[in-house]
Every structure is written in C-alpha cells, then in structure tokens.
Trainee: 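Before we start, here is the structure in question, set down as structure tokens.
We number each residue from 1, following the sequence as shown. Just the heavy atoms: all of them, side chains too, but no hydrogens, waters or symmetry mates, feed the values below.
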Amino acid sequence: MRKVKIFTGSSHPELSALILERLNIPAAPATMKRFSNAETSVEIGVSVRNEDVYVIQSGSMQINDHLMELLIMINACKIASARRITAVLPYFPYNKQSKKKKARGAITAKLVANMLATAGVDHIITMDLHSSQVQGFFKTTIDNLVAEPSIAKYLRERFPNFAEAVVISKNAGGAKRVTSLADKLQMDFALIHRERYHINQPARSKDDGLDGVENRLTLVGDVKGRDCFVLDDIIDGTHSFLDAAEHLKRCKASKVYIIATHGILSGNAMQEIEECDAVDEVIVTNSYPFPDWKRAASKKLRIIDISGVLAEAIRRNHNGESISYLFHTAI
C-alpha cells in the first residue's frame, strides 16, 4: 500500500497492533501528551501531505478523553494537508444515544458525527452500529461493517452441532439481528418477550433502576434440551442478559451462551456473569478493549478477533475496491 499512513490512538493498542500486523505496515509516528490540566496534545511525527491517512481509535472506558484525542489527531492531519482522512472506529462512541429518549434529551450520536466532520474526517469505518439510522447522521461517507460473518464462522468451528441450537433475541428490538444469523447458519430462532408491570414493592434487582416495576418474561419458541445463543450487538450491563439466561434454563435449555459484538461489560459485569450458573460462556469480539483485570475476572469469557475484517476494509478502501465482500465473508 503506497501513499498511506496509519496512526493509532491510545484507546485500543492491542487491536491496532493486530490490524497493522495484518497489513504489514508500521504505525506512523505521533506523540500524544497529557498536560497537568488534563488537556490533550497531539503532534504528528511524519509528513502526511497528499497521503491517505487512517486513524484507528475505538471507544473505551475513558471514552471522552479518547474521543478528544481522535478529534485532535484528525485535525492535525487535516492541517498538515492530508489528501484524505479516514477514522477507523471499531466501536463508535455514543452510538446508543441515537434518538431522544426524553423530551429534553440530546441526540449525542449526531453531535459526535458533527464533531468528526468539523475536525476534518472524510470517511468513517465502524462496526455494528446500534441503530442503522446513525449512518444518516454523517455528512461524509461511512462503512458500517458487520461482525456476523466472524461470529458465524466461530460458531461453525467451535460447535459441531450448531445447527441443532437456537439463536435467542432477549427482546423484540433484536429480532432482526437474530433472524439474520439464524438464516445464515440455517438454525432455529426464538424470542423472549419482556413485559413490565407495576407492583407495590421495590424492584427485585438494584440493577433494574425501576422501583415498583417487575418484569415478566415469556419465551416464544422451543429450547428444551438445546443449546441457546443469546445474541445482541452490545453487552454492557448484565441484568437483562442474566434474566434471559435464567429463564432459558427454567425452560429446560441445555446450555446458554451470550454473544455480542461489543463487550463493554462495565462495572462488576464480569463478576456477575461468573457468579451466574445459568450462563455457560460469554462470546464477544475484540472491538472494545479488555484490560487484564477484566479478562481475569471470569473464566467464561471468549474473544473473537475481528482485526482481519478491519484490516481488509482499510486495504479495500485505500485501493478503491468494493467492501461488500466483507458483509458475508469472514476474514
């Protein structure tokens, strides 16, 4: 790849290194400093004039600092006369906040898209946006890659009898994602309907955040004696996932596996999963950084490498090739 420079932010060095290794390209030098007043400074260490520039920076637990670092790095490349700047965001920050949930709420994903455009980005490469309408927030072009082929490949290789299992959506909103994977693997799927109703006592779980509200779960489908894959795009808090897993075990499911593209797993999520007997494994991709303490918190965690998908997207984007191949083929 000629006339290309790839810069890596500090949010996910492990994934950045894997992408660069697959592309057989060294990281372009850049110096990032944090002043005593917590301001961020970025200095590009090489000429990018008339170059095709890529900046790799995922969301993380320090999401605001790393987002600001990304914006400054993009703007530094823009001022240095880069021909085109592409932001590679495996997990797009704030993408769950894509609509007003309350009368005086903000559409923060749209704000982040505007900030990236103002900084000088020309193209976005990301993966599994929470809502498809986020793609319309950008004034620039965007490639929303999918982890489904990589997840499907993992299930085929890891579970010889995968066709006998069931893909589960833990709510109605995830049905489209679940049916897509089920069709790809020619598996059955099922849906858990969650009904909330008010009661006169506190909620049974502190994680609910809804005092006086109880959940009633209803399984639509048959899971008796079968393995279950509970699929979603993001796993952050565990309450709804653990509720679904416990309900599936009550419905005589053999084993329950939680699968998600972005494993945020904030707070005590890993400890809660480890302590829950209803969950056998949690399978996520490495789109989101995992510190060592989080990996050590549970023996149930399994990670799928999606660096090949992102590396191939960068290569095809630089060479002007179609990326539609990546929507149905694992790399």
Side-chain angles (χ1 to χ4, degrees), residues 5-13 15-16 19 27-28 30-35 37-45 48 51-145 233-234 236 261-262 264 266 287-289 310 313-314 317-318:
K5 294 289 188 296
I6 300 179
F7 294 93
T8 62
S10 59
S11 67
H12 201 341
L15 178 60
S16 300
I19 293 172
T31 303
M32 282 159 279
K33 297 179 181 178
R34 188 68 51 85
F35 295 122
N37 62 353
E39 288 184 358
T40 300
S41 172
V42 176
E43 183 179 348
I44 305 301
V48 295
E51 296 270 342
D52 194 8
V53 172
Y54 294 84
V55 182
I56 304 173
Q57 183 85 305
S58 189
S60 67
M61 296 305 293
Q62 292 81 39
I63 194 164
N64 294 322
D65 289 340
H66 289 145
L67 175 59
M68 198 66 206
E69 181 183 288
L70 171 66
L71 294 170
I72 295 172
M73 190 174 292
I74 289 171
N75 192 246
C77 293
K78 189 73 173 179
I79 293 172
S81 302
R83 177 169 56 86
R84 186 177 64 162
I85 302 170
T86 300
V88 182
L89 298 157
Y91 174 72
F92 189 82
Y94 290 96
N95 83 97
K96 288 186 73 174
Q97 299 185 44
S98 59
K99 60 184 178 181
K100 289 177 66 175
K101 294 185 178 180
K102 295 184 179 180
R104 288 175 291 277
I107 305 177
T108 316
K110 171 66 173 174
L111 174 62
V112 173
N114 290 340
M115 291 166 66
L116 287 166
T118 301
V121 77
D122 299 299
H123 186 67
I124 302 285
I125 297 175
T126 187
M127 177 171 281
D128 277 344
L129 290 170
H130 185 64
S131 302
S132 58
Q133 70 261 23
V134 174
Q135 298 177 71
F137 293 169
F138 294 89
K139 299 176 182 178
T140 58
T141 54
I142 177 171
D143 290 327
N144 182 28
L145 305 175
D233 62 324
I234 299 171
D236 189 358
T261 301
H262 308 297
I264 298 176
S266 55
S287 64
Y288 197 89
L310 295 167
I314 291 172
N317 187 66
H318 174 68

Trainee: Under the ring pair (Phe, Tyr, Trp, His ring centres under 6.0 Å) rule, what pairs show up with a residue in residues 70-93, not counting sequence neighbours?
Mentor: Tyr91-His262, Tyr91-Tyr288, Phe92-Phe138
Trainee: Of the non-hydrogen atoms in Val48 and Cys77, which two are nearest, and what is the gap between them?
Mentor: CG2-O, 4.0 Å
Trainee: Using the salt bridge (charged side-chain N to carboxylate O under 4.0 Å, His left out) criterion, which residues pair with Asp143? Sequence neighbours excluded.
Mentor: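 None.
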Trainee: Only counting residues at least two apart or in another chain, list the ones meeting side-chain hydrogen bond (donor to acceptor under 3.5 Å, both in side chains) with Asp128.
Mentor: Thr261
Trainee: So, for Lys78 and Gly120, which heavy atoms are closest and what is the spacing to 0.1 Å?
Mentor: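 For Lys78 versus Gly120, the nearest heavy atoms are CD-O, 3.7 Å.
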Trainee: Only counting residues at least two apart or in another chain, list the ones meeting side chain to side chain contact (heavy atoms under 4.5 Å, CB included) with Leu71.
Mentor: Leu67, Met68, Met115, Leu116, Ala119
Trainee: I'd like to check Ser10 versus Glu69 (side-chain heavy atoms, cut-off strictly below 4.5 Å). Are they in contact?
Mentor: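 Side chain of Ser10 against side chain of Glu69, heavy atoms only: contact under 4.5 Å found.
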Trainee: Just verifying a value: how many Å separate Leu310 CG and Met127 CE, rounded to the nearest 0.5 Å?
Mentor: 5.0 Å
Trainee: Could you tell me if the side chain of Leu15 sits less than 4.5 Å from the side chain of Ile56, heavy atoms only?
Mentor: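 Side-chain contact under 4.5 Å: no.
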Trainee: Only one of Leu145, Asp233, Val134, Leu89 passes side chain to side chain contact (heavy atoms under 4.5 Å, CB included) with Leu129; say which it is.
Mentor: Val134
Trainee: Ala28: which residues meet the side chain to side chain contact (heavy atoms under 4.5 Å, CB included) condition with it, sequence neighbours left out?
Mentor: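 If we apply the side chain to side chain contact (heavy atoms under 4.5 Å, CB included) test to Ala28, skipping adjacent residues, the hits are Lys5, Phe7, Val46.
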Trainee: Is a side-chain N or O of Gln135 found less than 3.5 angstrom from the main chain of Asn144, in a donor-acceptor match?
Mentor: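 No; judged by distance alone, with no hydrogens or angles, the pair does not exist.
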Trainee: Could you pull out all residues at least two apart from Ser60 that satisfy side chain to side chain contact (heavy atoms under 4.5 Å, CB included)?
Mentor: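 Side chain to side chain contact (heavy atoms under 4.5 Å, CB included) list for Ser60, sorted by chain: Ser11, Gln62, His66, Pro289.
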Trainee: For Thr141, is there any backbone N or O sitting under 3.5 Å from a side-chain donor or acceptor partner on His123?
Mentor: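 Such a contact is found between His123 side chain and Thr141 backbone.
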Trainee: For a side chain to side chain contact (heavy atoms under 4.5 Å, CB included) check, start with the C-alpha distance between Arg83 and Asp122, then their side-chain angles and the critical distance, and finish with the verdict.
Mentor: CA-CA 9 Å; Arg83 177 169 56 86; Asp122 299 299; over 6 Å; no
Trainee: Quick one: closest heavy-atom pair of Ser131 and Ser98, and the distance?
Mentor: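 For Ser131 versus Ser98, the nearest heavy atoms are OG-OG, 3.3 Å.
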Trainee: Which of these, Ile79, Val42, Val53, Val121, sits in a side chain to side chain contact (heavy atoms under 4.5 Å, CB included) with Ile74?
Mentor: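 Looking at Ile79, Val42, Val53, Val121, the match for Ile74 under the side chain to side chain contact (heavy atoms under 4.5 Å, CB included) is Val121.
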Trainee: List the residues meeting side chain to side chain contact (heavy atoms under 4.5 Å, CB included) with Lys101, not counting sequence neighbours, and say none if there are none.
Mentor: none
Trainee: Who passes salt bridge (charged side-chain N to carboxylate O under 4.0 Å, His left out) against Lys99, sequence neighbours left out?
Mentor: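 By the salt bridge (charged side-chain N to carboxylate O under 4.0 Å, His left out) rule, Lys99 matches no residue at all.
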Trainee: Using the side-chain hydrogen bond (donor to acceptor under 3.5 Å, both in side chains) criterion, which residues pair with Tyr54? Sequence neighbours excluded.
Mentor: Asp52, Arg84, Asn317
Trainee: Does any pair with a residue in residues 108-119 pass side-chain hydrogen bond (donor to acceptor under 3.5 Å, both in side chains), and if so which ones, sequence neighbours excluded?
Mentor: Gln97-Thr108
Trainee: So with a 6.0 Å cut-off around CD of Gln133, is the heavy-atom count from everything else above 12?
Mentor: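 More than 12 heavy atoms, drawn from other residues, nucleotides or ligands, come within 6.0 Å of this atom.
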Trainee: Among all residues two or more places apart in sequence or in another chain, which pass the side-chain hydrogen bond (donor to acceptor under 3.5 Å, both in side chains) test with Asp236?
Mentor: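 Expected list: Ser266.
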Trainee: Who pairs with Thr40 by side-chain hydrogen bond (donor to acceptor under 3.5 Å, both in side chains), at least two apart in sequence or on another chain?
Mentor: Arg34
